[in-house]
Amino acid sequence: MRWSAGWYGGIGHDRLPAGGRAVPGLDRTWTVGWPSARVRAVGQGPVALAVIGECGADDDQLERALSMVRAKGWRALTRWPGSYLTIARSGEVLAVIGDLAGQHPVYWRPDVAGTWWSTSAVALAALDGAPADPTALAAHLALAQPDVLGQWSLFRSVNRVPTGHLLLITPQGACAVRHEPAEYEPVDLRDAAPTVRAALTEAVGVRCDGRPVSADLAGLDSTTLACLAAQRGPVTAVTFADARLRDDDLAYAVRTAATVPGLAHRTVPGSPDTVYYSGLEDLSALPVTDAPNAYVVTASIKSTVLDTVAARHPAGVHLTGAAGDAVLSAPSSYLADLLRERQHRRAWQHAQAHARLRHTSALTLLRRARPAARTGLVGAWRQTAAELRRPPRPWVPQAERPVAWTPLLPTADWMSPDLRGRLASAP
């Protein structure tokens with residue numbers, strides 16, 4: 001794992017990260033596992049700024065941003081392309097800002113003499129062996145949406161900074177402060193498309209900084225990134241090709257590679273070991289993560305792909321496009337909103353489009369959305385709590401269950417009655 005940590009307070013602390021490297025200009029701030037090229041800092045003393053990760057700001061932009069640090073204009077420090085952690089000190093105030101995608105989460109825990117913070121909840125829990133919080137863990141595993149954890153982490157005594165918030169530490173203590181609006185003004189698709197295109201192009205450009213570039217070439221999201229990267233230089237594009245997947249990724253990948261200059265296409269064949277859920281019985285062989293990660297079920301496949309890439313470009317950067325669907329498409333649950341607002345014609349049109357994509361009928365989708373259209377979020381939470389107090393449901397594919405604002409994952413059915421009841425009663 002790559003992570004960062006820091007201490008704010010008196011000099012009485014006696015714990016330092018093993019293998020930690022000090023961040024220039026910021027006292028008692030360390031990184032672990034990050035290469036020096038991905039840790040940049042400007043300023044010192046009462047006004048200092050550091051960015052850790054893939055940040056598109058050049059050195060001059062960071063220097064100019066010190067004026068925003070002095071003015072405590074924290075949101076301006078998050079507008080550069082890339083995915084990075086921001087640490088800013090203005091006098092006695094320290095702001096620690098993660099990214100909206102959750103690649104750099106922020107946690108903290110108070111101490112008698114000050115505050116510890118880190119991008120690793122495990123590291124903070126290890127300070128005194130704080131145990132896992134079973135209720136928070138159950139919520140993480142059982143509830144798909146929305147993010148109900150708030151300031152809960154998966155460990156007792158360790159606080160979590162929610163998405164869109166920053167950690168603000170002063171001599172009076174630490175707290176999470178919102179820096180992104182909870183809602184944005186709607187934008188027409190035709191107006192937003194050029195903005196998204198420019199943002200993606202700029203973000204890919206940050207990664208294509210002279211390192212060898214490779215990329216997945218599979219679905220629409222990874223193909224988009226691979227093509228953008230190929231505009232800047234050669235790209236090794238890889239497709240996991242296994243007939244057991246029964247998809248058309250390889251066919252489209254071959255067509256794309258033949259059309260786009262700069263894409264050198266390679267296929268990675270499947271094997272008996274490259275299947276979903278392979279290797280989960282050996283915990284020591286799994287990637288180390290701060291929390292249970294859904295992508296661990298495909299770890300054997302991803303490892304095979306990355307091993308192929310690493311053999312050619314051991315010091316390169318690899319683009320995947322993971323979670324692109326979640327960012328750029330809406331779940332079919334919004335059909336419930338259209339039904340609630342009596343926009344029946346529009347709901348029918350959208351249901352037809354979703355039905356074609358999912359090879360089902362529009363009526364089936366609307367029937368699934370009808371229950372959610374009859375309740376709000378608070379009512380949905382009550383329904384979820386009531387369902388958790390009942391025995392587990394008979395198994396039905398997730399795609400066939402009624403739409404819900406707080407849908408229960410199949411893992412909720414695997415939990416013990418005690419844990420289900422504890423989750424149902426959680427505040």
Side-chain angles (χ1 to χ4, degrees), residues 2-8 17 20-108 115 117-120 161 163-170 174 176-181 195 198-211 213 228-229 232 315 317 319:
R2 292 175 175 177
W3 52 284
S4 307
W7 165 260
Y8 180 106
R21 298 174 58 182
V23 176
L26 285 164
D27 294 336
R28 291 169 282 185
T29 303
W30 308 272
T31 62
V32 179
W34 280 102
S36 57
R38 300 289 170 256
V39 181
R40 295 187 293 146
V42 294
Q44 58 183 346
V47 179
L49 170 66
V51 289
I52 300 169
E54 303 284 348
C55 180
D58 59 30
D59 293 342
D60 288 340
Q61 287 175 302
L62 292 180
E63 286 284 354
R64 292 196 298 271
L66 289 174
S67 61
M68 297 307 301
V69 176
R70 292 189 187 91
K72 301 181 178 61
W74 312 124
R75 191 183 181 200
L77 308 177
T78 68
R79 315 321 289 174
W80 300 304
S83 177
Y84 50 90
L85 176 75
T86 303
I87 311 163
R89 183 176 62 226
S90 179
E92 292 187 319
V93 178
L94 183 73
V96 185
I97 315 171
D99 64 323
L100 294 178
Q103 298 301 302
H104 299 268
V106 179
Y107 305 92
W108 88 96
T115 301
W117 66 264
S118 178
T119 56
S120 169
V161 178
T163 301
H165 292 66
L166 58 85
L167 176 63
L168 200 66
I169 312 177
T170 69
V177 177
R178 177 175 287 281
H179 69 90
E180 281 285 335
T195 302
L200 281 177
T201 302
E202 196 172 22
V204 170
V206 170
R207 275 74 175 182
C208 301
D209 57 356
R211 293 172 288 177
V213 179
L228 289 174
R232 297 175 172 269
V317 59
L319 306 174

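For the numbers below, each heavy atom of this structure counts, side chains included, while hydrogens, waters and symmetry mates do not. Predicted model only: the values in this text are computed from it and were never measured.
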Problem set entry | Exercise: identify the closest heavy-atom pair between W30 and G6 | CZ3-CA, 3.9 Å

Exercise. So, does R211 use its side chain to make a donor-acceptor pair with the main chain of R207 at under 3.5 Å?
Worked result: yes

For this session: Considering non-hydrogen atoms only, spot the tightest contact between S83 and Q103 and give its length.
Result: OG-CB, 3.5 Å

For this session: Can you measure from OH (Y8) to OG1 (T115) and round to the nearest 0.5 angstrom?
Result: 8.5 Å

Problem set entry | Minimal non-hydrogen separation, M68 against A76, with atom names | CE-CB, 3.9 Å

Name each donor-acceptor pair under 3.5 Å that joins a side chain in residues 34-52 to protein atoms two or more places apart or in another chain, with its distance.
unit_1, atom_1, unit_2, atom_2, d
R38, NE, E54, OE2, 3.3
R38, NH2, D209, OD2, 3.0
R40, NH1, A57, O, 2.9
R40, NH1, D59, OD1, 3.1
R40, NH2, C55, O, 3.3
R40, NH2, A57, O, 2.5

Problem set entry | Contact check, side chains of W117 and S4, non-hydrogen atoms, under 4.5 Å | yes

Exercise. Does V69 reach the side chain of R89, with side-chain heavy atoms less than 4.5 Å apart?
Worked result: no

Exercise. Can you name the side-chain hydrogen bond (donor to acceptor under 3.5 Å, both in side chains) partners of S90, sequence neighbours left out?
Worked result: none

Problem set entry | Sub-4.5 Å side-chain heavy-atom contact between K72 and V93 | yes

Exercise. Which pair of non-hydrogen atoms, one from Y107 and one from T119, has the smallest distance, and what is that distance?
Worked result: CE1-O, 3.7 Å

Problem set entry | Exercise: identify the closest heavy-atom pair between V213 and A229 | CG1-CB, 4.1 Å

Problem set entry | Minimum-distance pair of heavy atoms, taken over all atoms of A176 and V161 | CB-CG1, 4.4 Å

For this session: Would you indicate whether the side-chain heavy atoms of D27 and T29 approach each other to under 4.5 Å?
Result: no

For this session: Indicate yes or no: at least one non-hydrogen side-chain atom of V32 is less than 4.5 angstrom from one of R21.
Result: no

